Amino acid sequence: MKRVIVGLSGGVDSSVAAYILQQQGYEVIGLFMKNWHDDSVTISDECPWLDDSNDAMLVAEKLGIPFQTVDLSEQYKERIVDYMFKEYENGRTPNPDVLCNREIKFDVFMKIALDLGADYVATGHYCRKGILNAGEDETYQLLAGVDGNKDQSYFLCQLSQDQLAKALFPIGELTKPEVRKIAAELDLVTADKKDSQGLCFIGKVRLPEFLQQQLKPKTGVIVEVDKDQNFYRNTQTKFASKLEELKYLTTKKTYAVSDGKIVGKHQGAHYFTKGQRKGLGVGGTVEPLFVIDTDVNENVIYTGQGHSHPGLFKSALFVTNEEEHWIREDLKLEQNQTMEVMARIRYRQPLQKAILYKVDNGLFVEFEVPQSAITEGQFVAWYLEDELVGSGVIS
């Protein structure tokens with residue numbers, strides 16, 4: 001009998017995942033990951049991880065499976081939290097959920113599971129695993145979940161073949177309502193529990209407050225840049241080569257305070273991210289203001305009115321060699337090769353038509369339609385039909 005260790009998070013998805021594995025004849029063990037308990041940075045009095053681990057334990061009891069808690073907070077702080085602060089300080093916007101899967105759930109946690117004699121590790125993610133040439137030289141596929149509304153393949157975009165080999169995603173074939181129905185029929189305590197929001201470790205804490213505890217506030221100005229500025233209109237259209245064009249399309253526009261008018265103040269450019277609308281505290285504009293760029297060195301936030309402001313849009317992005325990652329290593333592009341893909345630059349974004357161009361120092365992703373708020377530090381993931389084949393950090 002194969003042994004599977006399920007990361008029981010105290011939510012409905014992992015609860016049902018454990019039940020399905022039981023039904024499939026696996027020996028199932030539930031493990032709760034405690035990722036964060038630095039009380040100095042928990043803003044609210046609610047302590048969600050205690051409630052969650054308690055719910056996870058009740059589910060394990062109900063299903064009659066062994067249960068234990070592992071404390072991964074030290075590795076978590078080192079690999080996720082410290083990295084996040086560094087990124088924010090440098091004016092980039094990291095994705096902790098993607099990192100948490102790569103560094104914690106499918107690395108630290110997986111190693112613990114394998115040490116406990118597990119054959120597989122399972123999570124409650126809405127995605128599926130495919131296997132090519134089964135039994136021979138197996139290649140694993142990461143496929144989108146059947147529930148298009150909940151597909152979470154994007155969060156797993158940094159997994160490797162070795163990690164996928166040992167991973168199971170039992171609820172990938174189900175929709176969220178089906179999962180809730182199963183949980184209700186089993187009378188699981190998590191059946192009606194709301195989906196957890198926010199970072200995968202801070203529980204009920206909102207990101208800006210969390211950041212404020214590490215990154216000291218410093219007052220700066222908010223500048224509004226008019227959409228009719230000349231530099232938005234004077235765009236180059238003739239290029240000597242495709243490479244020259246791609247370099248032009250991915251060049252970051254440099255703004256100066258003189259490019260617009262000062263409309264307000266902020267408490268630190270590193271708290272803001274491109275495309276952000278809330279939290280600026282500037283009123284009186286015809287359309288809402290969106291962040292079009294942040295300058296952490298000069299501590300200035302540049303904004304523009306309306307979600308169609310030209311400062312928000314770019315049609316290409318670049319990923320360096322170090323940050324380029326292929327789940328399907330057999331499909332990796334060689335220099336000067338191209339690939340037509342569907343891509344997304346954030347979770348829940350509908351897939352967009354794009355072309356990958358491999359060059360000596362990295363990879364360009366050019367979109368058919370310009371994309372809003374392409375943000376440095378976030379992940380771009382590319383798909384062939386419903387298979388996520390690779391990803392990279394936007395540079």
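Both backbone and side-chain heavy atoms feed into the values below; hydrogens, waters and symmetry mates do not. The shown structure was predicted, so the numbers you read here are calculated from the model rather than taken from an experiment.
In summary, of the residues considered (Ser14, Ser53, Ser15), a side-chain hydrogen bond (donor to acceptor under 3.5 Å, both in side chains) with Ser9 occurs for Ser14 alone. Across Met33, Met57, Lys193, a single residue satisfies side-chain contact (heavy atoms from CB on, under 4.5 Å) together with Asp52, and that is Lys193. Each of Phe239, Phe364, Phe318 was scored for a ring-ring contact (aromatic ring centres under 6.0 Å, His included) with Tyr248, with one residue passing: Phe239.
Salt bridge annotation for Asp192-Arg180: absent, with no cationic side-chain nitrogen under 4.0 angstrom from a carboxylate oxygen. Under a 4.0 Å N-O distance rule, the pair Glu27/Arg3 qualifies as a salt bridge. Salt-bridge formation is not detected for the pair Lys227/Glu287: no Lys NZ or Arg NE/NH1/NH2 atom is positioned less than 4.0 Å from an Asp or Glu carboxylate oxygen. The pair Asp151-Arg344 counts as a salt bridge, with a side-chain nitrogen and a carboxylate oxygen less than 4.0 angstrom apart. Salt bridge status for Lys247 with Glu244: absent, with no side-chain N to carboxylate O gap under 4.0 Å. With respect to Lys176 and Asp13, a salt bridge is recorded, a charged nitrogen being found less than 4.0 Å from a carboxylate O.
Residues passing the side-chain contact (heavy atoms from CB on, under 4.5 Å) test with Thr237, sequence neighbours excluded: none. Looking at residues two or more places apart in sequence or on another chain, you find no salt bridge (Lys or Arg N to Asp or Glu O under 4.0 Å) involving Lys353.
Separating the NZ atom in Lys253 from the NZ atom in Lys314 is a distance of 11.0 Å, to the nearest 0.5 Å. Asp71 CG to Lys34 NZ: the interatomic distance, rounded to the nearest 0.5 Å, is 5.0 Å. Once rounded to the nearest 0.5 Å, the distance linking CZ of Phe85 with CG of Asn90 reads 13.5 Å.
Residues Glu385 and Leu143 fail the side-chain proximity criterion, which asks for heavy atoms closer than 4.5 Å. Asn101 has its side chain within reach of His125: a pair of non-hydrogen atoms, C-beta onward, lies under 4.5 Å apart. With a 4.5 Å cut-off on side-chain heavy atoms, Gln141 and Arg328 count as touching. Leu156 places none of its side-chain heavy atoms less than 4.5 Å from the side chain of Gln152.
The aromatic rings of Phe32 and Phe67 sit tilted relative to each other, their planes meeting at an angle between 30° and 60°. Below 30°, between 30° and 60°, or above 60°: for Phe155 and Tyr347 the angle between ring planes is between 30° and 60°, a tilted geometry.
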Pair Gln161-Thr139, side chain to side chain donor-acceptor pair (under 3.5 Å): steps then yes or no: CA-CA 7 Å; Gln161 283 292 314; Thr139 296; 5.0 Å; no

Just do the salt bridge (charged side-chain N to carboxylate O under 4.0 Å, His left out) check on Lys111 and Asp107 with the steps written out, would you? CA-CA 6 Å; Lys111 287 188 178 108; Asp107 188 50; 2.8 Å; yes

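In the model, Asp295 has no side-chain atom that pairs as donor or acceptor with a side-chain atom of Tyr255 under 3.5 Å.
Applying the salt bridge (Lys or Arg N to Asp or Glu O under 4.0 Å) rule to pairs touching residues 119-145 yields Arg128-Asp386, sequence neighbours excluded.
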